[in-house]
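First up is the structure itself, then whatever we jot down about it.
Convention: sequence-line order gives letters A, B, ...; per-chain numbering from 1.
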Amino acid sequence: MDSINRAIISATQAGLPLTSEPYQTLAEQIGISAEEFMQRLTQMQATGIIRRIGAVPNHYKLGYQHNGMTVWDVTDAQIDRLGTQVGLLDFVSHCYHRPRHLPEWRYNLFAMIHSKTAAGAEQQIAQIATLLGTHCHAHEVLYSTRILKKTGLRISK
Amino acid sequence: MDAIDRDIINTLQAGFPICPSPYKQVAQGLNISEPELLTRLQGLLDSGFLSRFGPLFHAEQMGGALTLAAVKVPEQDFENIADTINAFPEVAHNYARSHELNMWFVLATENPAQIEQTIVKIEQQTGLQVYNMPKIHEYFVGLKLEA
(Lines give C-alpha, C1' and ligand atoms only; values in the text may rest on other atoms or scores of the structure.)
Protein backbone atom coordinates (compact mmCIF):
# COMPACT_ATOMS: atom_id res chain seq x y z
CA MET A 1 0.00 0.00 0.00
CA ASP A 2 1.42 3.37 -0.99
CA SER A 3 1.64 6.55 1.03
CA ILE A 4 -1.40 8.16 -0.60
CA ASN A 5 -3.64 5.21 0.30
CA ARG A 6 -2.26 5.35 3.83
CA ALA A 7 -3.07 9.06 3.97
CA ILE A 8 -6.61 8.32 2.76
CA ILE A 9 -7.10 5.70 5.45
CA SER A 10 -5.65 7.96 8.09
CA ALA A 11 -7.88 10.86 7.01
CA THR A 12 -11.07 8.78 7.04
CA GLN A 13 -10.63 6.52 10.05
CA ALA A 14 -12.45 8.94 12.32
CA GLY A 15 -15.28 9.11 9.78
CA LEU A 16 -16.35 11.09 6.75
CA PRO A 17 -16.84 14.85 7.12
CA LEU A 18 -20.45 15.94 7.18
CA THR A 19 -19.99 18.50 4.46
CA SER A 20 -21.55 18.80 1.04
CA GLU A 21 -18.48 17.50 -0.78
CA PRO A 22 -16.79 15.20 1.75
CA TYR A 23 -14.35 13.60 -0.68
CA GLN A 24 -13.26 16.99 -1.99
CA THR A 25 -12.69 18.16 1.60
CA LEU A 26 -10.51 15.14 2.40
CA ALA A 27 -8.66 15.26 -0.91
CA GLU A 28 -7.65 18.87 -0.19
CA GLN A 29 -6.41 17.84 3.26
CA ILE A 30 -4.01 15.32 1.80
CA GLY A 31 -3.14 17.26 -1.30
CA ILE A 32 -4.63 15.24 -4.14
CA SER A 33 -7.53 15.91 -6.51
CA ALA A 34 -11.06 14.85 -5.60
CA GLU A 35 -11.08 12.66 -8.72
CA GLU A 36 -8.00 10.77 -7.58
CA PHE A 37 -9.42 10.45 -4.07
CA MET A 38 -12.65 8.92 -5.36
CA GLN A 39 -10.83 6.68 -7.80
CA ARG A 40 -8.64 5.31 -5.04
CA LEU A 41 -11.62 4.78 -2.72
CA THR A 42 -13.39 2.89 -5.49
CA GLN A 43 -10.35 0.73 -6.03
CA MET A 44 -9.90 0.04 -2.32
CA GLN A 45 -13.52 -1.05 -2.19
CA ALA A 46 -13.03 -3.31 -5.22
CA THR A 47 -9.97 -4.98 -3.72
CA GLY A 48 -11.59 -5.41 -0.32
CA ILE A 49 -9.39 -3.02 1.65
CA ILE A 50 -12.63 -1.17 2.31
CA ARG A 51 -15.44 -3.58 3.21
CA ARG A 52 -18.02 -0.84 2.75
CA ILE A 53 -18.56 2.84 3.31
CA GLY A 54 -21.43 3.44 5.64
CA ALA A 55 -22.95 3.81 9.06
CA VAL A 56 -22.08 1.65 12.04
CA PRO A 57 -25.05 1.56 14.40
CA ASN A 58 -24.82 1.08 18.13
CA HIS A 59 -26.78 -2.13 18.65
CA TYR A 60 -27.91 -1.19 22.14
CA LYS A 61 -29.23 2.21 21.17
CA LEU A 62 -31.24 0.64 18.36
CA GLY A 63 -32.95 -1.62 20.86
CA TYR A 64 -30.87 -4.74 20.26
CA GLN A 65 -30.21 -5.42 23.93
CA HIS A 66 -29.51 -9.12 23.49
CA ASN A 67 -26.20 -9.41 21.64
CA GLY A 68 -24.74 -12.79 22.22
CA MET A 69 -21.47 -14.35 21.23
CA THR A 70 -22.52 -17.95 20.73
CA VAL A 71 -19.69 -20.45 20.84
CA TRP A 72 -19.91 -24.07 19.72
CA ASP A 73 -17.75 -27.16 20.01
CA VAL A 74 -18.12 -28.57 16.51
CA THR A 75 -16.53 -31.65 14.97
CA ASP A 76 -13.43 -30.33 13.20
CA ALA A 77 -14.04 -32.31 10.03
CA GLN A 78 -17.46 -30.66 9.62
CA ILE A 79 -16.72 -27.13 10.71
CA ASP A 80 -16.26 -25.51 7.29
CA ARG A 81 -19.52 -26.91 5.95
CA LEU A 82 -21.45 -26.01 9.10
CA GLY A 83 -19.78 -22.64 9.64
CA THR A 84 -20.77 -21.60 6.13
CA GLN A 85 -24.39 -22.55 6.86
CA VAL A 86 -24.46 -20.72 10.20
CA GLY A 87 -22.97 -17.64 8.51
CA LEU A 88 -25.89 -17.61 6.08
CA LEU A 89 -28.49 -17.19 8.86
CA ASP A 90 -29.91 -13.68 8.63
CA PHE A 91 -29.45 -12.87 12.33
CA VAL A 92 -25.75 -13.83 12.42
CA SER A 93 -23.44 -10.84 11.99
CA HIS A 94 -20.06 -12.56 12.31
CA CYS A 95 -19.17 -16.22 12.03
CA TYR A 96 -15.66 -17.56 12.46
CA HIS A 97 -13.64 -20.69 13.04
CA ARG A 98 -11.26 -19.95 15.94
CA PRO A 99 -8.82 -22.14 17.87
CA ARG A 100 -9.67 -24.11 20.98
CA HIS A 101 -7.66 -23.63 24.18
CA LEU A 102 -8.01 -27.01 25.85
CA PRO A 103 -8.88 -27.82 28.51
CA GLU A 104 -10.38 -24.44 29.49
CA TRP A 105 -11.87 -23.46 26.16
CA ARG A 106 -13.32 -26.16 23.93
CA TYR A 107 -15.25 -24.01 21.45
CA ASN A 108 -14.13 -23.61 17.83
CA LEU A 109 -17.11 -22.01 16.08
CA PHE A 110 -18.14 -18.45 16.98
CA ALA A 111 -21.35 -16.79 15.80
CA MET A 112 -22.59 -13.36 16.93
CA ILE A 113 -26.36 -13.02 17.23
CA HIS A 114 -28.50 -9.93 17.80
CA SER A 115 -32.03 -9.69 19.11
CA LYS A 116 -34.34 -7.14 20.67
CA THR A 117 -35.79 -9.71 23.08
CA ALA A 118 -34.44 -12.52 25.25
CA ALA A 119 -36.96 -14.91 23.70
CA GLY A 120 -35.79 -13.94 20.24
CA ALA A 121 -32.19 -14.66 21.16
CA GLU A 122 -33.17 -18.05 22.59
CA GLN A 123 -34.94 -18.89 19.36
CA GLN A 124 -31.89 -17.92 17.31
CA ILE A 125 -29.65 -20.09 19.47
CA ALA A 126 -32.04 -23.02 19.12
CA GLN A 127 -32.00 -22.58 15.36
CA ILE A 128 -28.18 -22.77 15.27
CA ALA A 129 -28.25 -25.82 17.58
CA THR A 130 -30.68 -27.58 15.27
CA LEU A 131 -28.54 -26.78 12.25
CA LEU A 132 -25.38 -28.14 13.89
CA GLY A 133 -27.18 -31.23 15.17
CA THR A 134 -25.03 -34.09 16.42
CA HIS A 135 -21.83 -32.45 15.14
CA CYS A 136 -22.06 -30.03 18.07
CA HIS A 137 -20.91 -31.39 21.42
CA ALA A 138 -21.44 -28.35 23.64
CA HIS A 139 -22.20 -24.67 23.40
CA GLU A 140 -22.36 -21.52 25.48
CA VAL A 141 -23.64 -17.99 24.97
CA LEU A 142 -21.61 -15.07 26.20
CA TYR A 143 -23.78 -11.98 26.38
CA SER A 144 -22.03 -8.65 26.34
CA THR A 145 -22.85 -6.80 29.54
CA ARG A 146 -21.00 -3.57 28.75
CA ILE A 147 -19.05 -1.94 25.94
CA LEU A 148 -15.67 -1.03 27.43
CA LYS A 149 -14.20 0.39 24.23
CA LYS A 150 -15.28 0.72 20.63
CA THR A 151 -13.22 2.57 18.10
CA GLY A 152 -12.48 2.17 14.45
CA LEU A 153 -9.23 0.87 13.13
CA ARG A 154 -6.31 3.16 13.92
CA ILE A 155 -3.16 3.38 11.90
CA SER A 156 -0.24 5.59 12.69
CA LYS A 157 0.63 8.32 10.23
CA MET B 1 -35.60 8.89 16.72
CA ASP B 2 -38.38 9.15 14.14
CA ALA B 3 -39.18 7.34 10.89
CA ILE B 4 -36.79 9.52 8.86
CA ASP B 5 -33.91 8.80 11.26
CA ARG B 6 -34.63 5.09 10.98
CA ASP B 7 -34.72 5.37 7.23
CA ILE B 8 -31.34 7.15 7.30
CA ILE B 9 -29.75 4.45 9.49
CA ASN B 10 -31.09 1.61 7.37
CA THR B 11 -30.03 3.27 4.13
CA LEU B 12 -26.55 4.22 5.29
CA GLN B 13 -25.80 0.77 6.69
CA ALA B 14 -26.09 -0.59 3.18
CA GLY B 15 -23.48 1.75 1.79
CA PHE B 16 -22.63 5.24 0.65
CA PRO B 17 -21.90 6.43 -2.88
CA ILE B 18 -18.54 7.61 -4.14
CA CYS B 19 -19.38 10.72 -6.16
CA PRO B 20 -18.82 14.48 -5.80
CA SER B 21 -22.03 15.14 -3.83
CA PRO B 22 -22.87 11.84 -2.13
CA TYR B 23 -25.04 13.29 0.65
CA LYS B 24 -27.17 15.06 -1.93
CA GLN B 25 -27.66 11.79 -3.78
CA VAL B 26 -28.62 9.90 -0.60
CA ALA B 27 -30.93 12.73 0.53
CA GLN B 28 -32.79 12.60 -2.78
CA GLY B 29 -33.41 8.88 -2.30
CA LEU B 30 -34.77 9.59 1.18
CA ASN B 31 -36.94 12.50 -0.02
CA ILE B 32 -35.30 14.98 2.31
CA SER B 33 -32.96 17.91 1.68
CA GLU B 34 -29.21 17.56 1.89
CA PRO B 35 -28.98 19.99 4.88
CA GLU B 36 -31.61 17.95 6.72
CA LEU B 37 -29.68 14.72 6.10
CA LEU B 38 -26.45 16.29 7.37
CA THR B 39 -28.15 17.70 10.46
CA ARG B 40 -29.86 14.42 11.27
CA LEU B 41 -26.72 12.39 10.64
CA GLN B 42 -24.78 14.64 13.02
CA GLY B 43 -27.58 14.18 15.57
CA LEU B 44 -27.47 10.38 15.25
CA LEU B 45 -23.70 10.43 15.80
CA ASP B 46 -23.93 12.86 18.73
CA SER B 47 -26.66 10.84 20.44
CA GLY B 48 -24.75 7.58 19.89
CA PHE B 49 -27.31 5.80 17.69
CA LEU B 50 -24.47 5.60 15.21
CA SER B 51 -20.98 4.75 16.45
CA ARG B 52 -19.34 5.86 13.28
CA PHE B 53 -19.93 6.92 9.70
CA GLY B 54 -17.31 6.32 7.04
CA PRO B 55 -15.25 3.61 5.36
CA LEU B 56 -14.91 0.28 7.17
CA PHE B 57 -11.48 -1.12 6.53
CA HIS B 58 -10.50 -4.76 6.23
CA ALA B 59 -7.31 -4.92 8.26
CA GLU B 60 -5.94 -8.11 6.73
CA GLN B 61 -6.39 -6.80 3.19
CA MET B 62 -4.16 -3.89 4.18
CA GLY B 63 -1.43 -6.18 5.43
CA GLY B 64 -2.63 -5.67 8.97
CA ALA B 65 -3.80 -8.21 11.47
CA LEU B 66 -6.74 -8.74 13.79
CA THR B 67 -7.38 -11.08 16.61
CA LEU B 68 -9.96 -11.73 19.29
CA ALA B 69 -8.57 -12.28 22.75
CA ALA B 70 -9.98 -12.88 26.20
CA VAL B 71 -8.86 -12.63 29.80
CA LYS B 72 -10.25 -13.83 33.14
CA VAL B 73 -10.36 -10.72 35.30
CA PRO B 74 -10.94 -10.90 39.06
CA GLU B 75 -14.12 -8.87 39.70
CA GLN B 76 -12.42 -6.39 42.08
CA ASP B 77 -9.78 -5.55 39.45
CA PHE B 78 -12.20 -5.21 36.56
CA GLU B 79 -12.13 -1.41 36.11
CA ASN B 80 -8.36 -1.16 36.49
CA ILE B 81 -7.71 -3.95 34.04
CA ALA B 82 -10.17 -2.43 31.57
CA ASP B 83 -8.31 0.89 31.78
CA THR B 84 -4.95 -0.84 31.30
CA ILE B 85 -6.12 -2.83 28.29
CA ASN B 86 -8.07 0.04 26.70
CA ALA B 87 -5.00 2.27 26.90
CA PHE B 88 -3.41 0.16 24.15
CA PRO B 89 -4.15 1.85 20.80
CA GLU B 90 -4.16 -1.64 19.26
CA VAL B 91 -7.34 -2.46 21.22
CA ALA B 92 -10.16 -1.60 18.83
CA HIS B 93 -13.11 -3.03 20.80
CA ASN B 94 -13.47 -4.33 24.29
CA TYR B 95 -16.54 -5.95 25.81
CA ALA B 96 -17.45 -7.21 29.24
CA ARG B 97 -19.10 -10.62 28.85
CA SER B 98 -21.03 -12.94 31.11
CA HIS B 99 -18.51 -15.76 31.48
CA GLU B 100 -15.47 -16.78 33.50
CA LEU B 101 -13.52 -15.31 30.57
CA ASN B 102 -15.19 -11.99 31.29
CA MET B 103 -13.31 -9.49 29.13
CA TRP B 104 -13.05 -9.89 25.37
CA PHE B 105 -11.16 -7.51 23.13
CA VAL B 106 -10.18 -7.17 19.50
CA LEU B 107 -6.63 -6.24 18.62
CA ALA B 108 -6.00 -4.54 15.29
CA THR B 109 -2.42 -3.96 14.24
CA GLU B 110 -0.58 -2.91 11.11
CA ASN B 111 1.31 -6.17 10.82
CA PRO B 112 0.90 -9.69 12.20
CA ALA B 113 4.02 -9.55 14.39
CA GLN B 114 2.53 -6.72 16.43
CA ILE B 115 -0.33 -8.95 17.60
CA GLU B 116 1.99 -11.21 19.55
CA GLN B 117 4.01 -8.24 20.84
CA THR B 118 0.87 -6.52 22.09
CA ILE B 119 -0.37 -9.69 23.77
CA VAL B 120 2.94 -10.08 25.59
CA LYS B 121 2.75 -6.45 26.78
CA ILE B 122 -0.84 -6.90 27.96
CA GLU B 123 0.14 -10.04 29.86
CA GLN B 124 3.05 -8.22 31.48
CA GLN B 125 1.02 -5.17 32.45
CA THR B 126 -2.04 -7.05 33.73
CA GLY B 127 -0.42 -10.18 35.07
CA LEU B 128 -3.21 -12.14 33.36
CA GLN B 129 -3.03 -14.89 30.78
CA VAL B 130 -4.37 -13.73 27.42
CA TYR B 131 -6.31 -16.35 25.46
CA ASN B 132 -5.54 -15.51 21.85
CA MET B 133 -8.23 -16.63 19.41
CA PRO B 134 -7.26 -15.47 15.91
CA LYS B 135 -9.63 -16.44 13.16
CA ILE B 136 -8.80 -19.63 11.32
CA HIS B 137 -11.56 -19.05 8.80
CA GLU B 138 -14.12 -16.30 8.24
CA TYR B 139 -17.50 -17.65 7.16
CA PHE B 140 -19.45 -14.41 7.27
CA VAL B 141 -19.11 -10.77 8.31
CA GLY B 142 -21.92 -8.30 7.82
CA LEU B 143 -25.44 -7.59 9.00
CA LYS B 144 -28.01 -4.94 8.64
CA LEU B 145 -29.80 -4.18 11.87
CA GLU B 146 -33.28 -2.87 11.20
CA ALA B 147 -33.49 0.47 13.02
Heavy-atom distances under 4.5 Å only: say whether [X] touches chain A with side chain, backbone, both or neither.
X         : answer
Glu34(B)  : side chain
Glu79(B)  : side chain
Leu101(B) : both
Pro35(B)  : neither
Leu68(B)  : both

Measuring from atom CZ of Arg52(A) to atom CG of Leu56(B), what distance do you get when rounded to the nearest 0.5 angstrom?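 Arg52(A) atom CZ to Leu56(B) atom CG measures 4.5 Å (nearest 0.5 Å).
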Pick whichever of [options] has the most heavy-atom pairs under 4.5 Å with chain B.
options                                 : result
Thr19(A), Val86(A), Ile8(A)             : Thr19(A)
Gln24(A), Met44(A), His59(A)            : His59(A)
Pro22(A), Ala34(A), Gly68(A)            : Pro22(A)
Gln85(A), Glu35(A), Gln39(A), Arg146(A) : Arg146(A)
Leu88(A), Val141(A), Ile50(A)           : Ile50(A)
Gly83(A), Ala55(A), Gly87(A)            : Ala55(A)

Please determine whether side-chain contact (heavy atoms from CB on, under 4.5 Å) holds for the pair Glu36(B) and Leu41(B), giving the CA-CA distance in whole Å, both sets of side-chain angles, and the decisive distance to 0.1 Å. CA-CA 8 Å; Glu36(B) 183 177 2; Leu41(B) 192 47; over 6 Å; no
State which residues pass side-chain hydrogen bond (donor to acceptor under 3.5 Å, both in side chains) with Glu140(A); sequence neighbours excluded, sorted by chain then number.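 By the side-chain hydrogen bond (donor to acceptor under 3.5 Å, both in side chains) rule, Glu140(A) matches Tyr107(A), His99(B).
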Residues forming a side-chain hydrogen bond (donor to acceptor under 3.5 Å, both in side chains) with Asp7(B), sequence neighbours excluded: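 Expected list: none.
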What residues of residues 22-30 of chain B sit under 4.5 Å from chain A when you count only heavy atoms?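 Against chain A, the residues of residues 22-30 of chain B that fall inside the cut-off (heavy atoms, under 4.5 Å) are Pro22(B), Tyr23(B).
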Ion pair Glu90(B)/Lys121(B), N-O distance below 4.0 Å: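 No, no charged N to carboxylate O under 4.0 Å.
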Does the pair Asp76(A)/Arg100(A) count as a salt bridge with the N-to-O cut at 4.0 Å?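 Result for this pair is yes, salt bridge flagged.
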Could you check whether atom CD of Glu138(B) has more than 12 heavy atoms from other residues, nucleotides or ligands sitting under 6.0 Å from it?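 Check passes, neighbour count above 12.
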Check whether more than 12 heavy atoms from other residues, nucleotides or ligands sit under 6.0 Å from atom CD of Glu100(B), and answer yes or no.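 No - once you tally the heavy atoms of other residues, nucleotides and ligands closer than 6.0 Å, there are 12 at most.
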Would Gln78(A) and Arg81(A) count as a side chain to side chain donor-acceptor pair (under 3.5 Å) here? Give the steps. CA-CA 6 Å; Gln78(A) 297 294 328; Arg81(A) 179 177 70 80; 2.9 Å; yes
Considering only heavy atoms and a distance below 4.5 Å, find which of [options] pairs most often with chain A.
options                                 : answer
Ile136(B), Leu38(B), Thr67(B), Leu12(B) : Ile136(B)
Gln42(B), Arg97(B), Gln61(B)            : Arg97(B)
Gly15(B), Ser51(B), Ser47(B), Ser21(B)  : Ser51(B)

Are the side chain of [X] and the backbone N or O of [Y] linked by a donor-acceptor pair below 3.5 Å?
X        : Y         : value
Glu28(A) : Thr25(A)  : no
Arg98(A) : Met133(B) : yes
Asp2(B)  : Asp5(B)   : yes

Residue part contacting chain B, namely of [X], when any heavy atom lies under 4.5 Å:
X         : value
Glu104(A) : side chain
Tyr143(A) : both
Glu21(A)  : both
Phe37(A)  : neither
Leu109(A) : side chain
Asp80(A)  : both
His101(A) : side chain
Gln45(A)  : side chain

Non-hydrogen side-chain atoms of [X] and [Y] separated by less than 4.5 Å:
X         : Y         : answer
Pro20(B)  : Met38(A)  : yes
His94(A)  : Phe110(A) : no
Asn5(A)   : Asp2(A)   : yes
Pro134(B) : Ile115(B) : no

Test ring pair (Phe, Tyr, Trp, His ring centres under 6.0 Å) on Phe16(B) and Phe53(B) and set out the steps. CA-CA 10 Å; Phe16(B) 190 66; Phe53(B) 175 70; 4.9 Å; yes
If you check every heavy atom in residues 111-130 of chain A against those of chain B, which residues fall under 4.5 Å?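 Residues Met112(A), His114(A), Lys116(A) are the ones that qualify, each having a heavy atom under 4.5 Å from chain B.
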Restricting to non-hydrogen atoms, name the atom on Cys136(A) and the atom on Leu132(A) that form the minimum distance, rounded to 0.1 Å.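 Closest approach of Cys136(A) to Leu132(A): CB-CB, 3.7 Å.
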When Leu128(B) is tested against each of Ile85(B), Val71(B), Asp77(B) for side chain to side chain contact (heavy atoms under 4.5 Å, CB included), which residue passes?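 Running side chain to side chain contact (heavy atoms under 4.5 Å, CB included) over Ile85(B), Val71(B), Asp77(B) with Leu128(B) returns exactly one hit, Val71(B).
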For His66(A) together with Tyr64(A), are the ring centres under 6.0 Å from each other?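 That pair fails the under 6.0 Å test.
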